[in-house]
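Have a look at the structure below before the remarks.
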Number of protein chains: 2
Amino acid sequence: MKITRAQQWERFKRFYTEFPGIGLAIDLSRMNLEEDYFEAMRPRMQEAFKSMTALEKGAIANPDENRMVGHYWLRNASLAPAPQLTQEIEETLRGIKSFAAEVHNGGIQGLGGPFRNLLVIGIGGSALGPQFVANALGHPLTDKLTVSFFDNTDPDGMERVLCGLREELAQTLCIVISKSGGTKETRNGMLEASAAFAKAGLKFGSHAVAVTGVGSELDKFANENKWLRRFPMWDWVGGRTSVLSAVGLLPAALQGLDIDSMLAGAKACDEVTRQPVLERNPSALLALAWHYACKGRGAKDMVILPYKDRLELFSRYLQQLVMESIGKEMDLDGKIVNQGIAVYGNKGSTDQHAYVQQLRDGINNFFVTFIEVLKDGSGDSILVEPNVTSGDFLHGFLLGTRQALHEKDRESITITISDVSPFAVGVLIALYERTVGFYASLVKINAYHLPGVEAGKHAAGAVLACEIKILELLRKRSEGSLTCEQIATEIAASEEIETVFKICERLAANPNRGIRKTSGSNPFSGRYQKS
Amino acid sequence: MKITRAQQWERFKRFYTEFPGIGLAIDLSRMNLEEDYFEAMRPRMQEAFKSMTALEKGAIANPDENRMVGHYWLRNASLAPAPQLTQEIEETLRGIKSFAAEVHNGGIQGLGGPFRNLLVIGIGGSALGPQFVANALGHPLTDKLTVSFFDNTDPDGMERVLCGLREELAQTLCIVISKSGGTKETRNGMLEASAAFAKAGLKFGSHAVAVTGVGSELDKFANENKWLRRFPMWDWVGGRTSVLSAVGLLPAALQGLDIDSMLAGAKACDEVTRQPVLERNPSALLALAWHYACKGRGAKDMVILPYKDRLELFSRYLQQLVMESIGKEMDLDGKIVNQGIAVYGNKGSTDQHAYVQQLRDGINNFFVTFIEVLKDGSGDSILVEPNVTSGDFLHGFLLGTRQALHEKDRESITITISDVSPFAVGVLIALYERTVGFYASLVKINAYHLPGVEAGKHAAGAVLACEIKILELLRKRSEGSLTCEQIATEIAASEEIETVFKICERLAANPNRGIRKTSGSNPFSGRYQKS
């Protein structure tokens with residue numbers, strides 16, 4: 001699509017849309033789509049608007065799980081389809097703010113004095129949103145608590161975080177976040193943290209808060225162990241859209257961030273993206289641009305390039321939001337479609353030095369979303385050349401890379417926000433939540449369930465059961481060693497020799513597990529026994 | 001490819017290869033390739049071995065830039081094709097170790113006392129390797145210096161890092177890394193850091209070290225300003241393969257990491273991957289597996305999933321190594337091929353909760369590389385269930401997810417290492433460096449040049465030149481405002497109205513730039529003037 005620079009300016013004016021009320025602009029001029037695409041998609045977009053209206057009113061928008069989808073109510077509780085829900089949302093928000101205030105003013109303290117650190121224990125939707133927000137809005141000089149995370153079940157990783165807290169465990173507040181209350185990684189993180197507190201002579205419950213579904217395993221445990229507080233999660237909020245529930249708001253409020261502004265940004269964005277008029281709806285524009293680039297079937301990867309350090313974790317947040325929502329085997333009619341959009345990226349201009357070489361010259365299997373932030377920040381700017389600041393370079397690299405890609409017919413969207421404020425972060429969250437919802441409607445899938453994740457957890461459970469049998473077998477044998485094939489036979493798992501092999505190799509590598517290995521003539525003839 | 005579990009065990013035994021000397025195993029059993037693929041590729045692989053041998057002996061393996069490619073000499077200096085090079089490598093290594101020792105023993109101090117912090121200023125190949133190594137091997141209780149990075153030209157991001165250093169600037173050592181010595185982001189970072197030191201009454205040169213090409217702009221500047229030390233970079237080491245030169249070794253040594261073991265790991269891995277025998281060469285096996293999955297033309301994305309927090313930055317390191325090396329427009333014969341492999345991923349099991357939904361159910365446009373680490377770490381392990389540790393869960397999730405993906409015919413490679421030690425990190429670096437080299441040979445491209453990155457830098461330069469003209473124009477006009485179209489005409493840039501518009505919008509958003517905007521009836525009729 002070679003056009004003159006003058007034509008390009010006309011095209012830019014046609015495809016650049018400002019939404020001044022929410023400090024947002026969307027530029028689709030570097031996507032190859034034309035007017036007729038909008039026209040052709042208009043009827044399907046109207047269907048998407050209708051589905052979204054029904055969803056917001058409390059329809060069972062997640063049919064497989066028979067659930068409502070209510071994350072839009074979190075920032076405008078009056079929209080909730082029942083007074084009871086409105087009240088719960090508002091009460092939770094009040095509870096978060098008053099708890100944070102008490103922590104900040106010292107009304108609630110740790111066993112070693114006022115809280116100085118916050119350890120957030122969660123994974124997936126219970127970590128990616130809080131991590132994104134903490135990094136986007138935090139600052140070492142103004143944060144009221146210093147935030148760290150357990151977001152995995154790696155004992156070594158947790159030990160490193162705990163050592164980072166050093167002497168300050170007695171002034172560390174822990175938030176354990178699990179909607180279901182049964183996520184194993186999070187349960188393990190809680191137990192590891194709890195053990196560290198116990199070792200330091202501290203009662204974990206005096207330092208712990210839970211965010212979980214009412215009546216869940218975690219909820220009961222927290223209650224029985226007299227934790228400081230429990231905040232609710234609801235089945236009508238999915239993990240990947242939970243950042244504006246207690247999941248994200250509680251850590252943010254404790255860090256000292258302005259959660260009211262985040263909610264206001266999301267609410268204001270919702271009002272704009274609720275309009276059933278394609279041209280005036282940034283989420284509808286984005287969803288159509290995705291649909292165009294991906295041909296409605298994931299034909300291209302989505303590369304997220306915010307030119308701002310504070311937005312470095314946005315792509316990881318979007319990986320979950322987009323890929324869990326769109327990556328589905330079947331459409332709503334049960335037809336196999338294997339949908340999806342792969343998302344990656346970190347930040348500009350850093351990533352220019354990592355892979356713009358491939359983006360410009362290599363395989364054209366992606367479209368970029370540039371995120372342009374107009375304000376540099378609050379600090380003073382020095383001049384690094386006459387009249388030029390570091391921020392000018394950052395902006396110059398964004399525009400330069402956008403042009404260099406365009407010259408080679410690599411497509412890009414540019415999203416402009418005025419700053420990385422709590423309000424703008426709320427806008428971005430709401431913008432992408434609704435875009436994903438619209439896109440799912442366009443390709444006729446359920447964006448709100450997770451049918452593909454149970455198989456792996458189930459298989460992991462079988463591995464652990466197998467490991468326990470192996471440990472029991474080898475520990476009770478006082479002498480003699482066995483090969484993995486023999487062990488598999490002994491524990492009646494002859495179909496699972498490979499799993500037995502993998503488990504034995506790992507046990508033998510960890511001396512504290514009490515299993516040792518004698519190498520054989522090939523990798524599979526090693527023998528294992530009690531050490 | 002449905003086979004029984006018993007057949008699967010036979011397949012595993014066929015495609016699982018241990019390399020005990022370097023603590024490595026490669027499992028290709030979950031790739032769909034068969035014996036005949038190896039046979040078919042054997043002649044091309046032999047060509048790749050030959051090219052690699054020539055490269056290691058000092059051939060001009062980067063023909064466009066007329067350069068040798070010598071990163072393998074860094075860990076075995078005796079291989080370098082000239083005694084002068086051997087000597088330079090060895091001298092540099094000795095210089096790094098003696099400088100680090102002097103910093104650690106207080107022989108070299110900051111203006112406020114012994115160094116406690118290290119600020120590394122670099123981008124791309126001068127940041128991704130050092131960041132990966134620092135995170136993989138560091139520990140808050142044993143690090144001799146606390147490491148932070150400037151890896152961008154975002155003034156707000158740099159301000160946050162500086163505030164994180166708080167009162168300790170007088171005990172902070174800065175390493176400025178730029179091979180060419182002219183990278184603008186790094187130059188800007190140096191100037192911002194320098195200004196912060198000056199503001200604190202400290203002479204930057206007394207806290208600064210340079211890693212750069214001899215005679216570069218940076219080298220001269222450091223010399224003139226009496227920096228503490230200068231360490232050389234060579235034109236025969238590319239940025240993306242520079243982590244075992246002073247670029248990566250100096251920060252690592254200062255952090256207190258065992259760089260001799262890293263080098264030993266890389267050297268030992270080189271010896272294994274130098275063997276021109278497919279079955280005994282893990283890099284050759286990996287390169288063939290990539291070639292199979294990607295059909296030799298980037299048909300699949302490479303998802304990197306290390307199940308270990310310490311390896312979280314490995315995929316970002318590999319993004320650069322793989323995408324810059326393989327993402328090329330032309331092959332060695334000048335034919336347009338648009339090669340590439342997109343790389344993304346963070347860590348397991350965390351990423352299971354972000355996008356395994358899509359991997360299992362959605363679009364099958366990827367292959368996974370699982371990285372399995374046998375040892376849990378050095379800390380004590382608690383039991384989170386009878387007989388079960390957090391690390392057992394981590395391993396269980398790896399095996400469970402691998403199986404769940406395999407059931408749905410999603411391909412995966414599993415790389416096993418015994419631990420995340422300096423030696424193992426050296427092995428991983430060398431393993432992937434050579435794999436990329438082999439893959440480039442298989443698809444007949446130059447892995448060592450970067451022809452695609454200049455256009456963006458050039459366009460960015462034009463944007464900055466345009467901005468300076470706009471500032472000069474508006475600042476000299478004492479009254480009256482102009483639209484972006486009028487400004488473009490005034491500065492003789494009527495082809496660049498869009499650029500003028502983007503620049504004006506940003507200048508007006510930053511009050512300290514002295515430009516204000518009066519909104520118009522549409523986004524393009526705003527007027528700008530001196531404020």
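This one's a predicted model, so the numbers in the text were calculated from it and none came from an experiment. Every chain is numbered from 1 and lettered A, B, ... according to where its sequence line falls, protein lines coming before strand lines.
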Using non-hydrogen atoms only, which part of A/Ser418 is less than 4.5 Å away from chain B: side chain, backbone, both, or neither? neither

Please determine, among B/Glu18, B/Lys457, B/Arg5, B/His458, the option with the most heavy-atom pairs under 4.5 Å with chain A. B/Arg5

Heavy atoms only, distances under 4.5 angstrom: which of B/Arg402, B/Met330, B/Met190, B/Arg240 has the most pairs with chain A? Name it, please. B/Arg402

Please identify, among A/Glu495, A/Lys184, A/Arg360, A/Arg310, the residue contributing the most non-hydrogen atom pairs under 4.5 Å to chain B. A/Arg310

Given that the side chain runs from C-beta out, which part of B/Asn387 has a heavy atom under 4.5 Å from chain A: side chain, backbone, both or neither? both

State, to 0.1 Å, how close B/Pro140 and A/Arg166 come at their nearest heavy-atom pair, and which atoms those are. O-NH2, 2.9 Å

Region of A/Val463 in contact with chain B, defined by heavy-atom distances below 4.5 Å: side chain

Using heavy-atom distances under 4.5 Å, tell me whether B/Leu191 contacts chain A through its side chain, its backbone, both, or neither. both

Could you check whether A/Glu329 pairs with B/Lys408 (Lys NZ or Arg NE/NH1/NH2 to Asp/Glu carboxylate O, under 4.0 Å)? yes

Where does B/Phe393 contact chain A at under 4.5 Å (heavy atoms): side chain, backbone, both or neither? both

Over 60° means perpendicular and under 30° means parallel, so tell me whether A/Tyr16 and B/Phe501 are parallel, tilted or perpendicular. perpendicular

Nearest non-hydrogen partners of A/Ile468 and B/Pro386, listed with the distance: CD1-O, 4.1 Å

Looking only at heavy atoms, what is the nearest atom pair of A/Leu374 and B/Asn510, with distance? O-ND2, 2.8 Å

Shortest non-hydrogen separation from B/Gly377 to A/Asp156 and the atoms involved: CA-OD1, 4.2 Å

I need the residue from A/Leu141, A/Asp419, A/Asp361 with the largest number of non-hydrogen atom pairs under 4.5 Å to chain B. A/Asp361

Counting only heavy atoms closer than 4.5 Å, note whether B/Val343 contacts chain A via side chain, backbone, both or neither. backbone

Under 4.0 Å between a side-chain nitrogen and a carboxylate oxygen: does that hold for A/Asp309 and B/Arg160? no

Is the closest basic N to carboxylate O distance between A/Glu312 and B/Arg316 below 4.0 Å? yes

Name the region of B/Ile497, side chain, backbone, both or neither, that has any atom closer than 4.5 Å to a heavy atom of chain A. both

Can you name the closest pair of heavy atoms from B/Gln357 and A/Pro451 and give their distance? OE1-N, 3.4 Å

Quick check for you: among A/Ala404, A/Gly298, A/Gly391, which has the greatest number of heavy-atom pairs under 4.5 Å with chain B? A/Gly391

Which one wins on heavy-atom pair count under 4.5 Å against chain A: B/Val373, B/Leu394, B/Asn364? B/Leu394

Segment of A/Gln339 engaging chain B (4.5 angstrom heavy-atom cut-off): backbone

When you check the side-chain N and O atoms of B/Gln319 and A/Asp351, is any donor under 3.5 Å from an acceptor? no

When A/Val453, A/Asp301, A/Val388 are compared by non-hydrogen pairs under 4.5 Å with chain B, the top option: A/Asp301

By a 4.5 Å heavy-atom criterion (distance strictly below it), what part of B/Thr183 contacts chain A: side chain, backbone, both, or neither? side chain

Counting N and O atoms only, with roles assigned by atom type, does the side chain of B/Thr350 sit under 3.5 Å from a partner on the main chain of A/Asp151, one being a donor and the other an acceptor? yes

B/Leu450 versus chain A, the contacting section by heavy-atom distance below 4.5 Å: both

Assert top hit (heavy-atom pairs under 4.5 Å, partner chain A, pool B/Glu472, B/Gln358, B/Lys502) equals B/Gln358

Reported CD1-to-SG distance for the pair B/Ile363 and A/Cys294, which is rounded to 0.5 angstrom: 8.0 Å

For chain B, which of A/Gln403, A/His139, A/Arg297 has the most heavy-atom pairs under 4.5 Å? A/His139

Keeping the roles fixed (side chain from B/Arg506, backbone from A/Asp376), state whether a donor-acceptor pair exists under 3.5 Å. no

Is A/Asn152 close to chain B through its backbone or its side chain, or both, or neither, when contacts mean heavy atoms under 4.5 Å? both

So which residue, B/Leu399, B/Ile326, B/Thr401, B/Val356, ends up with the most heavy-atom pairs under 4.5 Å with chain A? B/Leu399

Using a strict cut-off of less than 4.0 Å between a Lys/Arg side-chain nitrogen and an Asp/Glu carboxylate oxygen, indicate whether B/Arg187 and A/Glu385 qualify as a salt bridge. yes

Indicate yes or no: does A/Lys308 engage B/Asp154 in a salt bridge with an N to O separation below 4.0 Å. yes

Please step through side chain to side chain contact (heavy atoms under 4.5 Å, CB included) for the pair B/Asp392 and A/Arg513, ending with a clear verdict. CA-CA 11 Å; B/Asp392 293 338; A/Arg513 306 311 295 276; 2.7 Å; yes

If one checks every heavy atom of B/Ser315 against chain A at 4.5 Å, the contacting part turns out to be neither

By a 4.5 Å heavy-atom criterion (distance strictly below it), what part of B/Ala342 contacts chain A: side chain, backbone, both, or neither? both

Mind checking whether A/Pro155 and B/Thr389 have side chains closer than 4.5 Å, heavy atoms only? no

For side chain to side chain donor-acceptor pair (under 3.5 Å), just list the numbers for B/Trp9 and A/Glu485, CA-CA rounded to whole Å, side-chain angles, deciding distance to a tenth of an Å, and then say yes or no. CA-CA 10 Å; B/Trp9 171 237; A/Glu485 292 183 346; 2.7 Å; yes

Most chain B-contacting option - heavy-atom pairs closer than 4.5 Å, from A/Glu159, A/Lys375, A/Glu505: A/Lys375

Toward chain B, the part of A/Ile341 with a non-hydrogen atom under 4.5 Å: backbone

Pair A/Glu324, B/His353: side-chain N/O donor-acceptor within cut-off below 3.5 Å: no

Contacting region of A/Phe397 [heavy-atom separation from chain B under 4.5 Å]: both

Please rank B/Gly461, B/Ala6, B/Ala462, B/Gly348 by heavy-atom pairs under 4.5 Å with chain A and give me the top one. B/Gly348

Check whether B/Asn365 gets within reach of chain A through its side chain, its backbone, both or neither, counting any heavy atom under 4.5 Å. side chain

Checking B/Thr17 against chain A: side chain, backbone, both or neither under 4.5 Å from a heavy atom? neither

Quick one: are B/Leu464 and A/His395 in side-chain contact, heavy atoms under 4.5 Å? no

Under the 3.5 angstrom rule, does the side chain of A/Thr153 hit a backbone N or O of B/Ser390 as a donor-acceptor pair? yes

Donor-acceptor contact present, side-chain B/Glu498 to main-chain A/Phe12, <3.5 Å: no

Checking B/Glu454 against chain A: side chain, backbone, both or neither under 4.5 Å from a heavy atom? neither

Contact check, side chains of A/Lys13 and B/Asn522, non-hydrogen atoms, under 4.5 Å: no

Scanning both residues in full, the closest heavy-atom pair of B/Glu185 with A/Ser349 reads OE2-OG, 2.6 Å

